[in-house]
Amino acid sequence: MNDLSVNGLSGLSYLPGYFSRAAQETLLEQIRAVVARAPFYRPAMPRTGKAFTVRMSNCGPLGWVSDVSGYRYQPHHPDSGNPWPAMPALLTNLWKDLAPEAPDPEACLINYYENTARMGLHQDRDEQTFEAPVISVSLGDTATFRVGGLSRKDPTKSFRLQSGDVVVLGGEARLAFHGIDRVLAGTSTLLKNGGRINLTLRRVTQPM
DNA sequence: CAGTCGCA
DNA sequence: TGAC
């Protein structure tokens, strides 16, 4: 595991190759089962209604959603109203491994990037607590990931994330600005139709 | 009225 | 839109 140095923030870790190819295949199968019950939808920006290029789903008790009225966590799919499927054990195990002190994860956002999809610089700040880290898993095509500081204007650095890599935004880096510049088409054989899936695990509510 | 997980 |  490496600590990435960006703007002097501690708590930003990069774990290349955390998941073996066999584990990636198992995880992908479990994610496919989730998405069969909670299909990808395309979120919209608050106020403007501008569509994201990324499509999203969730698993776990809460899911992150965005529409014209804002960002929020909610326990049901925005289209079907069904509760989000349970989080696969591989993901709760990952959380226990990398954040053993943190309360259980409540949300796993599933982002599907087709080749032209991007995600602008942003902070993950819709949670009620920032004590637990955000843990992110990359599957499929390699992407260029950009990380900055606690202010949007801070300088940024970019890194390539490959299938099976894990990134942890914790401690001082929990609220670091980050985003995906682009997906490098044809860099992985994991997803038959190409593209990239990113899984983001989060604690949302303050534990009792 | 600042600021935008967007866009120019 | 939400915070002021």
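Within every chain, numbering begins at 1; the chains are lettered A, B, ... in the order of the sequence lines, protein sequences first and strands thereafter.
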- Message: So, does Arg152(A) get its side chain near the phosphate of dT4(B), meaning an N or O under 4.0 Å from OP1 or OP2?
- Response: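 Yes, Arg152(A) has a side-chain N/O under 4.0 Å of OP1/OP2 on dT4(B).
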- Task: May I ask whether Phe177(A) and Met119(A) are part of the same hydrophobic cluster, defined by side-chain heavy atoms of I, L, V, M, F, W, Y residues being less than 4.5 angstrom apart, directly or through others?
- Result: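 No, separate clusters.
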- Do Arg160(A) and Asp165(A) meet the salt-bridge criterion of a basic N to acidic O distance under 4.0 Å?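 No, no charged N to carboxylate O under 4.0 Å.
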- Query: How far does the C1' atom of dT4(B) sit from the matching atom of dA8(B), given to the nearest Å?
  - Reply: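 These two C1' atoms come out 14 Å apart once rounded.
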- Message: Rounding to an integer number of angstrom, what distance separates dC7(B) and dG3(B) when you compare their C1' atoms?
- Response: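 Pairwise C1' distance, dC7(B) against dG3(B), rounds to 14 Å.
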- Message: If I take atom CZ in residue Arg118(A) and atom P in nucleotide dG6(B), what distance separates them, rounded to the nearest angstrom?
- Response: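 Atom-to-atom, Arg118(A) to dG6(B), this comes out as 10 Å.
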- Task: Describe, in one word, how the ring planes of Tyr41(A) and His77(A) are oriented to each other, choosing from parallel (under 30°), tilted (30 to 60°) and perpendicular (over 60°).
- Result: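 Taking His77(A) first and then Tyr41(A), their aromatic rings stand perpendicular (interplane angle over 60°).
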- Task: Under a 3.5 Å limit for both distances, which nucleotide forms a Watson-Crick or G-U wobble pair with dC1(B), could you say?
- Result: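 Matched dC1(B) with dG2(C) under the 3.5 Å cut-off.
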- Item | Thr53(A) side chain reached by Thr116(A) side chain, heavy atoms, under 4.5 Å |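 Not in contact.
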Categorize [X] for me: base, sugar-phosphate, or nothing, with a 4.0 angstrom heavy-atom threshold over every strand shown.
X: Gly70(A); answer: nothing
X: Val54(A); answer: nothing
X: Asn198(A); answer: nothing

